[in-house]
Amino acid sequence: MTIKVIIVDDQAMVRAGFAALLAAQSDIDVVGDAADGRQGVALSRSAHPDVVLMDVRMPEMDGLEAARQILDPPRGVVHRPKVLMLTTFDVDDYVYEALRAGASGFLLKDAPPADLISAVRVVAAGEALLAPSVTRRLIADFAKRPAPRRRSGTARPGGLTPRETEVLELIARGLSNQEIADRLVLAEQTVKTHVGRVLGKLSLRDRAQAVIFAYESGLVTPGES
């Protein structure tokens with residue numbers, strides 16, 4: 001199955017470079033590009049991509065607002081692609097809000113080409129993706145916020161089992177399914193099942209929202225090991 005992608009970035013060279021890289025992959029088809037968020041929203045609704053690569057800072061309409069409009073479309077618009085935000089180290093304020101808007105993850109614009117290709121495939125498959133450095137900055141941002149009330153030791157969010165709660169905590173620390181499996185001495189497929197149940201019970205879209213939930217609920221506190 002071919003993954004249809006559009007690229008939204010105000011720098012023409014970035015769009016061209018990303019397009020050439022992705023179009024060279026047999027399973028990825030770049031179906032268009034746009035120079036700002038407003039054009040990106042319109043293109044998304046006409047081209048029906050599977051994944052939108054969205055820059056954060058752009059003229060006319062920034063990537064955050066464009067992501068909101070794509071992921072929460074008006075009545076009558078049924079297509080909702082995955083949105084992968086492209087960011088740099090100096091736009092951390094956008095990370096939290098974009099995840100709340102429903103973005104499937106973040107990738108640093110200077111990431112290696114292989115990481116970009118992998119990110120498109122991961123997001124298209126329905127998984128969330130956060131670059132490790134972005135995850136650390138997201139956690140650091142939570143550390144600056146007033147600490148939420150900690151849940152009691154016997155209370156578990158959303159009726160999660162003890163194992164599911166443990167898996168949620170490890171998701172919030174940025175661990176992959178394989179890393180969680182290694183930590184808990186479980187099969188990776190078992191971890192995938194637990195992750196699916198966690199998302200379902202808590203009505204969360206993906207792992208990115210699970211990270212936010214874990215910190216907002218006080219289940220996990222920044223700085224804990």
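Atoms considered below: every heavy atom in the structure, side chains included; atoms not considered: hydrogens, waters and symmetry mates.
- Ion pair D29/K4 not flagged as a salt bridge, since none of the NZ, NE, NH1 or NH2 atoms sits closer than 4.0 Å to an Asp/Glu carboxylate oxygen.
- Using a 4.5 Å cut-off on side-chain heavy atoms (C-beta onward), L199 and L204 make contact.
- In this structure, E65 contributes its side chain and M61 its backbone to no donor-acceptor pair below 3.5 Å.
- Note on D72 versus R80: no salt bridge recorded, every NZ/NE/NH1/NH2 to OD/OE distance being 4.0 Å or above.
- Between the side chain of S118 and the main chain of A114, no donor-acceptor pair closer than 3.5 Å is present.
- At least one donor-acceptor pair closer than 3.5 Å links the side chain of E164 to the backbone N or O of T161.
- The only option from V211, V198, V195 that meets the side chain to side chain contact (heavy atoms under 4.5 Å, CB included) definition with L168 turns out to be V198.
- Here the closest non-hydrogen pair linking A172 and A214 is CB-CB, 3.5 Å.
- A side chain to side chain contact (heavy atoms under 4.5 Å, CB included) with P81 is found for exactly one of I70, V5, D50, V51, namely I70.
- The pair D55-K109 meets the salt-bridge criterion, since a charged nitrogen lies less than 4.0 angstrom from a carboxylate oxygen.
- Note that OG of S44 and NE2 of H79 are 5.0 Å apart. Values are rounded to the nearest 0.5 Å.
- Here the side chains of P49 and V52 are in contact, with some heavy-atom distance below 4.5 Å.
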